[in-house]
Amino acid sequence: MASRGRKRKAEAALAAAAEKREKPASSQKGVEEASVVIEHCMSRVYGRNAAALSQALRLEAPELPVKVNPTKPRRGSFEVTLLRPDGSSAELWTGIKKGPPRKLKFPEPQEVVKELKKYLS
């Protein structure tokens with residue numbers, strides 16, 4: 001006679017796996033408003049630069065929400081992307097292929113703000 005506990009655990013695992021697959025697809029479907037996404041590696045250095053950059057972007061364009069790492073970031077990444085309401089995106093900065101030295105991966109906040117203004121106007 002089979003144990004009931006195993007069957008329930010297997011069903012729960014299948015349901016959890018299905019939810020995980022649905023989440024990324026639903027989060028990228030439609031963006032109601034434009035937003036800026038900063039993706040950065042979880043290193044302290046990356047975090048400090050992302051905080052300074054997000055602050056500069058919020059001061060320059062307070063109507064745009066700034067999201068930092070809405071999904072798990074890639075290793076060694078530092079990217080700034082503008083997500084438009086129509087579903088398209090524009091890359092404001094990517095530091096993935098830059099460096100060494102490491103400081104080349106991080107933009108000056110003024111550079112990113114200038115790029116953002118170019119895309120918004």
Side-chain angles (χ1 to χ4, degrees):
M1 191 159 143
S3 172
R4 286 188 166 189
R6 287 184 185 168
K7 185 175 180 182
R8 288 183 185 153
K9 286 180 185 177
E11 288 174 1
L14 288 174
E19 277 185 40
K20 281 185 182 179
R21 276 187 249 128
E22 289 176 16
K23 278 185 182 178
S26 65
S27 68
Q28 292 192 10
K29 271 188 181 173
V31 180
E32 292 90 29
E33 59 181 9
S35 63
V36 177
V37 176
I38 300 174
E39 177 190 5
H40 70 87
C41 179
M42 299 309 285
S43 168
R44 267 188 260 150
V45 176
Y46 288 78
R48 275 188 249 131
N49 288 302
L53 183 60
S54 67
Q55 183 180 18
L57 289 170
R58 286 185 180 118
L59 288 174
E60 194 59 42
E63 70 279 357
L64 280 178
V66 178
K67 301 174 187 172
V68 180
N69 284 345
T71 59
K72 185 178 177 185
R74 293 169 286 168
R75 183 177 173 267
S77 67
F78 195 94
E79 288 189 336
V80 183
T81 308
L82 173 66
L83 297 178
R84 297 185 182 127
D86 62 0
S88 63
S89 64
E91 201 165 90
L92 302 176
W93 173 267
T94 181
I96 290 180
K97 298 208 185 262
K98 298 192 189 296
R102 179 181 262 179
K103 71 179 184 177
L104 295 177
K105 284 187 171 281
F106 311 115
E108 290 296 320
Q110 296 81 15
E111 290 179 38
V112 178
V113 168
K114 189 168 74 173
E115 283 290 314
L116 179 64
K117 284 182 180 179
K118 188 181 353 175
Y119 282 106
L120 290 179
S121 57

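Since the structure is predicted, the reported quantities are computational estimates derived from the model, not experimental observations. Positions are given from 1, in the same order as the sequence printed here. Keep in mind that the numbers below use all heavy atoms, side chains included, and drop hydrogens, waters and symmetry copies.
- Without hydrogens or angle criteria, Glu39 side chain to Arg74 main chain gives a donor-acceptor distance under 3.5 Å.
- Applying the 6.0 Å contact sphere to CD of Glu91 captures more than 12 heavy atoms from other residues, nucleotides or ligands.
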Glu33 and Glu63: CA distance, side-chain angles, deciding distance, side-chain contact (heavy atoms from CB on, under 4.5 Å) verdict:
CA-CA 10 Å; Glu33 59 181 9; Glu63 70 279 357; over 6 Å; no

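- Here CD of Glu60 is found 12.5 Å from NZ of Lys114. Values are rounded to the nearest 0.5 Å.
- For Ile96 against Ser77, the heavy-atom pair with the smallest separation is CG1-CA, 4.0 Å.
- Contact detail for Ala56 and Pro109: the closest heavy-atom pair is CB-CB, 3.7 Å.
- A pairwise comparison of heavy atoms in Pro62 and Leu59 identifies CD-O, 4.0 Å as the closest pair.
- Lys118 and Glu115 are joined by a salt bridge, as a carboxylate oxygen and a charged side-chain nitrogen come within less than 4.0 angstrom of each other.
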Does Phe78 form a side-chain contact (heavy atoms from CB on, under 4.5 Å) with Trp93? I'd like the steps, not just the answer.
CA-CA 8 Å; Phe78 195 94; Trp93 173 267; 4.0 Å; yes

List the steps, then state whether side-chain contact (heavy atoms from CB on, under 4.5 Å) holds for Ile38 with Leu57.
CA-CA 10 Å; Ile38 300 174; Leu57 289 170; 4.2 Å; yes

Given Thr81 and Leu92, is the side-chain contact (heavy atoms from CB on, under 4.5 Å) satisfied, shown in steps?
CA-CA 5 Å; Thr81 308; Leu92 302 176; over 6 Å; no

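- Under a hydrophobic clustering in which Ile, Leu, Val, Met, Phe, Trp and Tyr are joined whenever their side-chain heavy atoms come within less than 4.5 Å, directly or via other members, Leu120 and Val66 fall into the same cluster.
- Leu53 and Tyr119 fall within a single hydrophobic cluster, where Ile, Leu, Val, Met, Phe, Trp and Tyr side chains are chained together by heavy-atom contacts under 4.5 Å.
- No donor-acceptor distance shorter than 3.5 angstrom exists from the side chain of Arg84 to the backbone of Ala90, with no hydrogens or angles considered.
- Within the 4.5 Å cutoff, the side chain of Leu64 has heavy atoms near those of the Leu116 side chain.
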